[in-house]
Each structure stands twice: as C-alpha cells, then as structure tokens.
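Counting starts at 1 for both ligands and their atoms, in listed order.
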Amino acid sequence: MKLEFWGVRGTTPVSGKDKNKYGGYTLCTSVFTSEGEWLIIDAGTGLKKLGDCLLSQGGEEPLNLHILLTHFHLDHIIGIPFFTPLYSPKITLNFYATCSPEETEKYLSGLMTGRYFPLDFKKTPSIKTYNEIPEEDFHIGKTRISHCPLHHPQGNVGFKIQEDNKQIVYATDTEHPEKGLDKRLVSFAQEADILIYDAMYTPEEYESGRRGWGHSTWLEGTKIAREARVRELYLSHFNPDHSDEQIDEIIALACEKFPQTQGAREEVKPVL
Ligand SMILES: [Zn+2]
Ligand SMILES: [Zn+2]
C-alpha cells in the first residue's frame, strides 16, 4: 500500500510562507493498494491536486475511485466541486459514508446547488455510486476496510485500511475523554503500522476554551499510539493558525513522548 497526504490542515485552507512545509490544503489522504485501487479518505481542498494528478497520469483510461467520507464537515468535503474527475464520463466515483446513499448524495450535491455553484452536482458527467458503510468490515478488492465511531459534533468515524498484514488507521476529528483514553480507538488502532491522529490543539490551547469542540492534541495522540503499540504516529488535522515552526515544535515535543512520531505533510508518501 502507498499512503499519500494531499491535505493535512483542519477547519479551513490556509496559505502563507509560514505554512508551506506542512501545507495549507484541508484533509485528503489517498491509499493506493497493491491491486491498483485508489482509496481516498476525505475530500478537503487537497482533493483538487490528487484529481489533477490522477487525470494527468491516467490519460483517457476509465478509472474507478473509492472515496471514504469520515463526516460531512466542510473541511472534509469542500474539494469535491473542484475535483476534475467529477467532470469526466470515464470516471466512476464510489462514495462511502455511514449514512444512507440518499443522504450522502444530498449532502454532497448541497455543495453545488442553488447559488453556491454554477454547475449542478447531479448533472456532472462522472458515474457515481453511493454506499452506506456496513456495521461489519467490508472489502474493496483484497483490501479490508473497518470503521470506528469517534467523538465529534454530529458524529464522525475513523477508518482502518488493511492489506495483507499491514494496517493504516485514520482518526482525525476526535476529542479524547476527560480521563483516560478512548478505549474503543485504542483497540481499533492496536498494533497498526501507521496511526494518523488529530493534532488540532496544543494541550494548553485545548485547556483554554476548546473543550467540547471535538478535537484533540498531540499529547493525547502519543498516549493512544503508545497504548495501542502502533509502529508510527502521523499527527495531522493541523490548526490553521499554527505555523510550520509551531508544528515543528509540536512534533519535537511529541517525539519525546513517542519517538516514532512524524507530522503529516503534503506529498509525503510512506509505502507499507
Ligand atoms: Zn475537520
Ligand atoms: Zn469535523
């Protein structure tokens, strides 16, 4: 499996010379499986660049893409209207979410209706399927997909992508419990090769008025990583106000607690 980060910023896209190292696009991550399937987790503004790359590499070939949506907050879906594969009749977009197919279509098309956008989502030329994620694990080719509910306003899920004996766990947009760890997430991430976790706040920021906002800290990420005995921790969903320098400091502090910590960065491509 090849993992690739296309957007690692939470809440809103940002730009500026102090944001270039980690990047300013909102959440979008891809996993390219050994069978050649594209799994895309979240569709924030990072999705645009992924779409452009896929079309430039694929030429005129039909392409089947699988888009796993964790939830429908704007930072996780706002890339969809600007995703060039949406406008190609040779592309099939298979959307997966934990709500009914009708609701998924309604939320996505809501981005491109009325006065919000000049084109109608439902009339775009790509072929689309909407899939409600079942309670139990499901497969895309040989790749097994599991999900885990997280603590976030209006609900959210984390995903686990497993191929052969390799596992990637994606868990952004989650708030840690007041005491102890989220046991369900610890068990879900047990011995994963890579855990991607929500590092929206520093512990100090969290304690000064961010409790109940549905996000976590780098410190909680290191605790989960240690308890779950994951191989590598990638912090992500970075605060739009944090500069590269601040994120570097966060990663350095996190490494003191859990040495195999890295910052997710656009264009970083770990291969498992
Ligand atoms: Zn978010
Ligand atoms: Zn959210």
Less than 4.0 Å between a side-chain N and a carboxylate O, is that true for E220 and K223? yes
Residue list, salt bridge (Lys or Arg N to Asp or Glu O under 4.0 Å) with E207, at least two apart or on another chain: R211
Stacked cation flag K160 on F188, 6.0 angstrom / 45 deg: yes
All N/O donor-acceptor pairs, side-chain side in residues 79-90, below 3.5 Å, sequence neighbours left out:
unit_1 : atom_1 : unit_2 : atom_2 : d
T84    : OG1    : D52    : OD1    : 3.0
Y87    : OH     : P81    : O      : 2.7
S88    : OG     : K90    : N      : 3.2

Scan for salt bridge (Lys or Arg N to Asp or Glu O under 4.0 Å) pairs involving residues 234-253, sequence neighbours excluded, and state none if there are none. K21-D248
May I ask you to list the protein N, O or S atoms found at less than 2.8 Å from the Zn ion (ligand 2)? H71 NE2, H73 ND1, H152 NE2, D173 OD2
For a quick check under 3.5 Å, do D173 and H76 share a side-chain donor-acceptor pair by atom type? yes
